[in-house]
Student: 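Okay, handing you the structure first.
Sequence positions, counted from 1, serve as the residue numbers for this chain.
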Amino acid sequence: MEQRDHRYPTIKPMLDQGRIKSLTDIFIYVPKSILAADIGKNLKRFNELILNLEGFTLKDLIIIGNLCGLSRMEMFNLVDAEFTIREQAKKNKRNLSS
């Protein structure tokens, strides 16, 4: 990592303002391609990890948090919120198809 992208410092204030509520909300402000490159993943692999969050290592999540100026707990809360959103979406989809 030579120089951090100028958009990373916007993440913490957006989280504090409630504009970022889950992991994928970060990508509204920082492109996935930038984040993927900065954590040493190619974009295709990064997209797979986004679809299957269980594949992220703690190290990956901590690096993302550090880039964005987030504490470990803030980062883990964003991941937890992402899981919750996805679980709720699956539940709603099942209810609609019943």
Student: With a 4.5 Å limit on heavy-atom distance, are the side chains of Ile34 and Pro31 in contact?
Tutor: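 Yes, side chains in contact.
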Student: Check for me, please, whether Val79 and Met14 land in the same ILVMFWY cluster - side-chain distances under 4.5 Å, paths through other members count.
Tutor: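 Yes, one cluster joins them.
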Student: Got a list of side-chain donor-acceptor pairs under 3.5 Å for residues 65-74, not counting sequence neighbours?
Tutor:
residue, atom, partner, partner atom, Å
Asn66, ND2, Ile62, O, 3.4
Ser71, OG, Glu74, N, 3.1
Ser71, OG, Glu74, OE1, 3.4
Glu74, OE1, Lys12, NZ, 3.4
Glu74, OE1, Ser71, N, 2.8
Glu74, OE2, Lys12, NZ, 2.3

Student: Of the non-hydrogen atoms in Ile11 and Tyr29, which two are nearest, and what is the gap between them?
Tutor: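 Nearest pair, atom of Ile11 first, then Tyr29: CD1-CB, 3.7 Å.
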Student: Heavy atoms only: give me the nearest Arg86-Thr24 pair and the separation to one decimal.
Tutor: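 Of all heavy-atom pairs spanning Arg86 and Thr24, the closest is NH2-CG2, 4.0 Å.
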Student: Which residue pairs satisfy the salt bridge (charged side-chain N to carboxylate O under 4.0 Å, His left out) criterion with at least one member in residues 18-27, sequence neighbours excluded?
Tutor: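 Passing the test, one end in residues 18-27: no pairs.
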Student: Between Asp60 and Lys41 (salt bridge meaning N to carboxylate O under 4.0 Å), is one present in this structure?
Tutor: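 Yes, charged N to carboxylate O under 4.0 Å.
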Student: Rounded to the nearest 0.5 Å, how far does CG of Leu53 lie from OG of Ser22?
Tutor: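 With rounding to 0.5 Å, OG (Ser22) is 9.5 Å from CG (Leu53).
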Student: I need the Leu35 CG to Lys32 NZ distance, nearest 0.5 Å.
Tutor: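 Between atom CG of Leu35 and atom NZ of Lys32 there are 10.5 Å.
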Student: Spell out, yes or no, whether Ile28 and Val30 are grouped together once hydrophobic residues are joined by side-chain heavy atoms under 4.5 Å, including indirect joins.
Tutor: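 Yes; tracing contacts between hydrophobic side chains, which count when under 4.5 Å, links both residues.
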Student: Can Glu87 and Lys90 be counted as an ion pair, charged N to O under 4.0 angstrom?
Tutor: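 No salt bridge links Glu87 with Lys90.
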Student: Run the side chain to side chain donor-acceptor pair (under 3.5 Å) check on Glu48 and Asn52 step by step: do they pass?
Tutor: CA-CA 6 Å; Glu48 290 170 4; Asn52 302 294; over 6 Å; no
Student: Indicate the atoms forming the closest heavy-atom contact of Glu82 with Leu23, along with that distance.
Tutor: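 Answer, listing the atom of Glu82 first, then Leu23: OE1-N, 3.4 Å.
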Student: Less than 4.5 Å apart, any side-chain heavy atom of Phe56 and any of Ile64?
Tutor: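 Yes, close enough: below the 4.5 Å cut-off.
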Student: To the nearest 0.5 angstrom, please state how far the CG atom of Leu15 sits from the CD1 atom of Ile26.
Tutor: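 Separation between the atoms: 8.0 Å.
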Student: Looking at CZ of Phe76 and CG of Leu61, how far apart are the two atoms once the value is rounded to the nearest 0.5 Å?
Tutor: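 Nearest 0.5 Å value for the CZ-CG distance: 6.0 Å.
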Student: Check whether any side-chain heavy atom of Ile20 sits under 4.5 Å from a side-chain heavy atom of Phe27, and report yes or no.
Tutor: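 No, side chains not in contact.
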Student: Once you round to the nearest 0.5 Å, how far does NZ of Lys44 lie from CG of Leu49?
Tutor: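 The distance works out to 12.0 Å.
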Student: What pair of heavy atoms forms the shortest contact from Ile63 to Ile39, and how long is it?
Tutor: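 Reported closest heavy-atom pair: CG2-CG2, 3.5 Å.
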